[in-house]
Amino acid sequence: MGRSVQKITDSVSLIASKGTWIEGLAIQQLETTAQLPGMYKVAGMPDLHPGRGYPIGAAFFAINKIYPALVGNDIGCGMALWQTTLASNRVKLDKLAKQLGNVEQPLDECWSETIAERKQAKDISIDTYDMALGTIGGGNHFAEFQAIDTIYDEQALAELELNPKHLQLLVHSGSRGLGQSILVEHIRQRGHNGLEPDDREFKEYLKQHDEAVRWAELNREFIALRFLEAVKAKGHSVLDVNHNLVSPKTLNGVEGWLHRKGATPADKGYVVIPGSRGDYSYLVKPVANHGEERSLCSLAHGAGRKWKRGDCHGRLAHKFSREELYSTALGSRVICGNKTLLYDEAPQAYKKCETIIGDMLDAGLIRVVARLKPILTFKTHGDCGS
DNA sequence: ATGTCC
């Protein structure tokens, strides 16, 4: 554990070098959250940034308690990586962009049989949010075609059966309105208080939470499938990892509940740490059983915001027109019909992913397998005004 | 983050 592990208090650590910029408010929120009853240890990741009361980009280990409000509304949010059959060197950006016209509309009737089958297979019975299945949503969610740009570990790539000559599809989305509704109903009943295993609501919440996690996984699957269909390609899932959830975990022999709020698991195999749409993403292999105590078996879930959402239009509009933001410095294309979203998620609003990766390398938490370059990032349909 | 808000 090197210079990029900071011990803030006995129970609060931060995986970041002194040179990595982290907003003071985020550290404050991390320390405040560490004071919650039953909270045993918390760990900020290098992408730590302020949230609504609780910071994003952190893991929280509590004993005999879970905090639904800490998990937040986007239960099961995560990253899925799909291998496609599209040859990277044959990509025509205009054609690709054109093919993706309607991929954010609700899935049409042709999908209903597949939806029913897959829901049953994944033990999902709720149907209130079927309309949202296969949709990306807003915020930092996206689906992005990527090309493998640099290979650092051939063997790992082979193990994952990734074809470096073909495009990958990275999907970042969650449980949409379903997770939101579960949180809202819980807050209405119990506020921000934690739940103990003896509480009636504990089991109820966890049951709904676990279903929302599976729903979010299925959502990413349908997003990938419809994208593949739209561009007339085939593909298969390589990995799917949730970074927003609470799960039982034993850390150094202590049983508890690990809350991950924008924190990628380091105990679920290979993961992708995405950069902003104008930056590289990294396929990494977590180092087994390393830094459990300080990192809580977690990693950054992305490059991390540098600027607050609402600030971005004001900071960028005088410098960049909408049209200029439809392409990036790496030559990739952006489809985003929502102006606010276009500015809020601009590459300038995020830290450089390389620094986040560097911090985790310094801490001995990961090995880098490959660097992925963005080709086309889809945020939301391209035809709405604001 | 949000079938986003009256």
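This is a predicted model, so every value here is computed, not measured. Reminder, nothing fancy here: chain letters follow the sequence lines and each chain counts from 1.
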Pairs touching [range] that satisfy salt bridge (Lys or Arg N to Asp or Glu O under 4.0 Å), sequence neighbours left out:
| range | result |
| --- | --- |
| residues 49-59 of chain A | none |
| residues 54-75 of chain A | A/Lys65-A/Glu196 |
| residues 239-255 of chain A | A/Arg220-A/Asp240, A/Lys249-A/Asp267 |

- Rounded off to whole Å, could you give me the CE-to-P distance for the A/Met131 and B/dT2 pair? 15 Å
- Query: Do we get A/Arg305 above A/Tyr350's six-membered ring, with its NZ or CZ under 6.0 Å from the centre and within 45° of the axis?
  - Reply: yes
Counting any heavy atom closer than 4.0 Å, what does [X] reach on the DNA or RNA strands: base, sugar-phosphate only, or nothing?
| X | answer |
| --- | --- |
| A/Gly179 | nothing |
| A/Gly72 | nothing |
| A/Arg176 | sugar-phosphate |

- Message: Checking A/Ala317 now: which residues fulfil side-chain contact (heavy atoms from CB on, under 4.5 Å) with it, not counting sequence neighbours?
- Response: A/His313, A/Tyr343
What are the atom names and distances for every N/O pair under 3.5 Å that joins the protein to nucleotides 4-6 of chain B?
none

- Pairs where residues 38-47 of chain A contributes a residue and the test side chain to side chain donor-acceptor pair (under 3.5 Å) is met, not counting sequence neighbours: A/Lys41-A/Glu293, A/Asp47-A/His301
